[in-house]
Every structure is written in C-alpha cells, then in structure tokens.
Participant: 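Provided herewith is a single structure, encoded as structure tokens, for subsequent inquiry.
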Amino acid sequence: MAELLHSVVDRFKPLNGRFILADEDGLTVDSEEPWVMGESWCDATDNLLLIESSVRDDPYGLAVTGFRFEIWDSEPATQEEDWDRQLVSDFKSTSGRLRLEDSEGMTSPTEVNLGLSDTRWSVRAFVRTLQIAPAVMQDYRLGVEDYEAEIFLLQFWPRNS
C-alpha cells in the first residue's frame with residue numbers, strides 16, 4: 001500500500017494563464033523548451049512541468065490558485081473527489097527540489113522537496129475550478145457576479161522503470 005511521505009501547500013497567482021514547476025537545476029539538454037510545450041493542460045519535460053490555468057483574464061487581480069503537492073513512496077490510490085480534469089505524466093528531476101514560477105520568472109518561496117535527486121517521477125495532476133459566491137464579491141464592491149479560483153493537486157512517486 002502506498003504511503004504519503006509528505007505534502008506541501010502553496011498559493012500562487014496565475015500570470016498569462018501559466019505556471020511553471022521548475023527544478024532548481026534548470027533545464028537539461030534533454031528538456032523541451034517551455035515555449036514550445038502546451039499540448040496538454042499539464043505538460044512535462046525533464047526538470048519542468050508546465051501547467052495551464054483556466055484563469056486567463058484577471059482584470060481585478062483577484063484570481064487565486066491553490067496547490068497541494070504530495071510525495072508518495074509508490075503510486076497512490078485514485079482520488080475519490082470530483083475533479084474537473086486529471087492526467088498522469090512523468091518527468092526527471094535532477095535536484096529533487098522544485099518551485100512554482102510564473103511566465104515572467106517570479107518564483108514562489110515554497111520549496112517542493114521530492115526527497116530524491118536524479119530520479120524519474122510519475123506525477124498525477126488534478127484541477128478543479130471553484131466559483132466565489134456573488135455575495136462575497138459584492139463585499140468588495142467590484143461589480144462582478146462571480147469569480148473563479150482553481151485548486152491543483154499534484155501527486156509524485158518514483159517510477160519503477
């Protein structure tokens with residue numbers, strides 16, 4: 001049975017609808033360049049995950065995105081919660097230490113420590129879009145009817161092959 005080794009949570013604002021989960025070592029010679037990726041809402045290459053947000057336009061600067069990163073010793077059971085989208089991919093992390101970045105290089109202070117360096121990982125990614133209630137938005141007098149927030153869950157475990 002899979003065991004959850006540890007988890008990390010982070011909050012980050014989307015910029016241009018993209019997040020980058022980058023290894024502190026940077027791209028490798030085998031990595032795809034991030035600007036040519038984007039076939040899926042969560043694309044992986046060595047030392048980098050490119051995550052597309054559904055929150056593209058944020059005229060009030062209120063978009064909120066929450067992340068939970070889970071590190072497992074083997075493949076965890078599938079989530080029972082209702083997620084909008086999910087996928088499984090894999091990538092190699094040379095340092096084992098990752099941080100969220102936006103498309104202009106702003107980096108989160110929160111480190112996701114995978115616990116192993118130079119390892120190939122499977123990652124299962126989930127996303128759900130939530131609506132903020134109109135009454136809450138009225139409290140801020142923004143004149144919008146509702147607003148979206150996203151939550152992401154990314155589960156990592158070492159690949160067997």
Participant: Can you name the side chain to side chain donor-acceptor pair (under 3.5 Å) partners of Arg11, sequence neighbours left out?
Facilitator: none
Participant: Side chains of Leu49 and Phe156: does their closest heavy-atom pair fall under 4.5 Å?
Facilitator: yes
Participant: Can Asp25 and Arg97 be counted as an ion pair, charged N to O under 4.0 angstrom?
Facilitator: no
Participant: Applying the 4.5 Å side-chain criterion to the ILVMFWY set and letting contacts propagate, would Phe12 and Val9 be lumped into a single cluster?
Facilitator: no
Participant: Tell me whether Arg99 contacts the main-chain N or O of Ala22 through its side chain, where contact means a donor paired with an acceptor under 3.5 Å.
Facilitator: no
Participant: So, do Ile71 and Val112 sit near enough that their side-chain heavy atoms are less than 4.5 Å apart?
Facilitator: yes
Participant: Linking I/L/V/M/F/W/Y whenever any side-chain heavy atoms sit under 4.5 Å apart, do Val123 and Leu100 land together?
Facilitator: yes
Participant: Rounded to the nearest 0.5 Å, how far apart are CG of Asp10 and CZ of Arg68?
Facilitator: 13.0 Å
Participant: Do Ile51 and Leu154 come within less than 4.5 Å of each other through their side chains, counting heavy atoms only?
Facilitator: yes
Participant: Atom CD of Glu52 and atom CG of Asp43: how far apart are they, to the nearest 0.5 Å?
Facilitator: 8.0 Å
Participant: Hey, quick one: are Phe126 and Trp157 part of the same hydrophobic cluster, counting side-chain heavy atoms closer than 4.5 Å, chains of contacts allowed?
Facilitator: no
Participant: Could you tell me which residues satisfy ring pair (Phe, Tyr, Trp, His ring centres under 6.0 Å) with Phe67, sequence neighbours excluded, listed by chain and number?
Facilitator: Phe19, Phe69, Phe152
Participant: Is there a side-chain contact (heavy atoms from CB on, under 4.5 Å) between Thr119 and Arg159 once you walk through the steps?
Facilitator: CA-CA 8 Å; Thr119 301; Arg159 280 193 48 173; over 6 Å; no
Participant: Are any side-chain N or O atoms of Asn47 and backbone N or O atoms of Thr94, one a donor and one an acceptor, separated by less than 3.5 Å?
Facilitator: yes
Participant: Transitively linked via ILVMFWY side-chain contacts under 4.5 Å: Leu98 with Leu87?
Facilitator: yes
Participant: Measure the spacing between CG of Leu153 and OG of Ser7 and express it to the nearest 0.5 Å.
Facilitator: 9.5 Å
Participant: Please assess Glu70 against Trp72 for the test side-chain hydrogen bond (donor to acceptor under 3.5 Å, both in side chains), listing each intermediate value before the final yes or no.
Facilitator: CA-CA 6 Å; Glu70 296 179 345; Trp72 294 79; 3.1 Å; yes
Participant: Run the side chain to side chain contact (heavy atoms under 4.5 Å, CB included) test against Ser74 and tell me which residues pass, sequence neighbours left out.
Facilitator: Ala2
Participant: Taking atom CD of Glu150 and atom CZ of Arg128, what is their separation to the nearest 0.5 Å?
Facilitator: 11.5 Å
Participant: Hey, are the side chains of Pro158 and Trp121 touching, using non-hydrogen atoms and a 4.5 Å cut-off?
Facilitator: yes
Participant: Asp84 versus Trp41: any side-chain heavy-atom pair under 4.5 Å?
Facilitator: no
Participant: About how many Å separate CG of Asp90 and CG of Asp46, when rounded to the nearest 0.5 Å?
Facilitator: 9.0 Å
Participant: Counting N and O atoms only, with roles assigned by atom type, does the side chain of Asp23 sit under 3.5 Å from a partner on the main chain of Ser95, one being a donor and the other an acceptor?
Facilitator: yes
Participant: Atom CD in Glu75, atom CZ in Arg124: separation rounded to 0.5 Å?
Facilitator: 5.0 Å
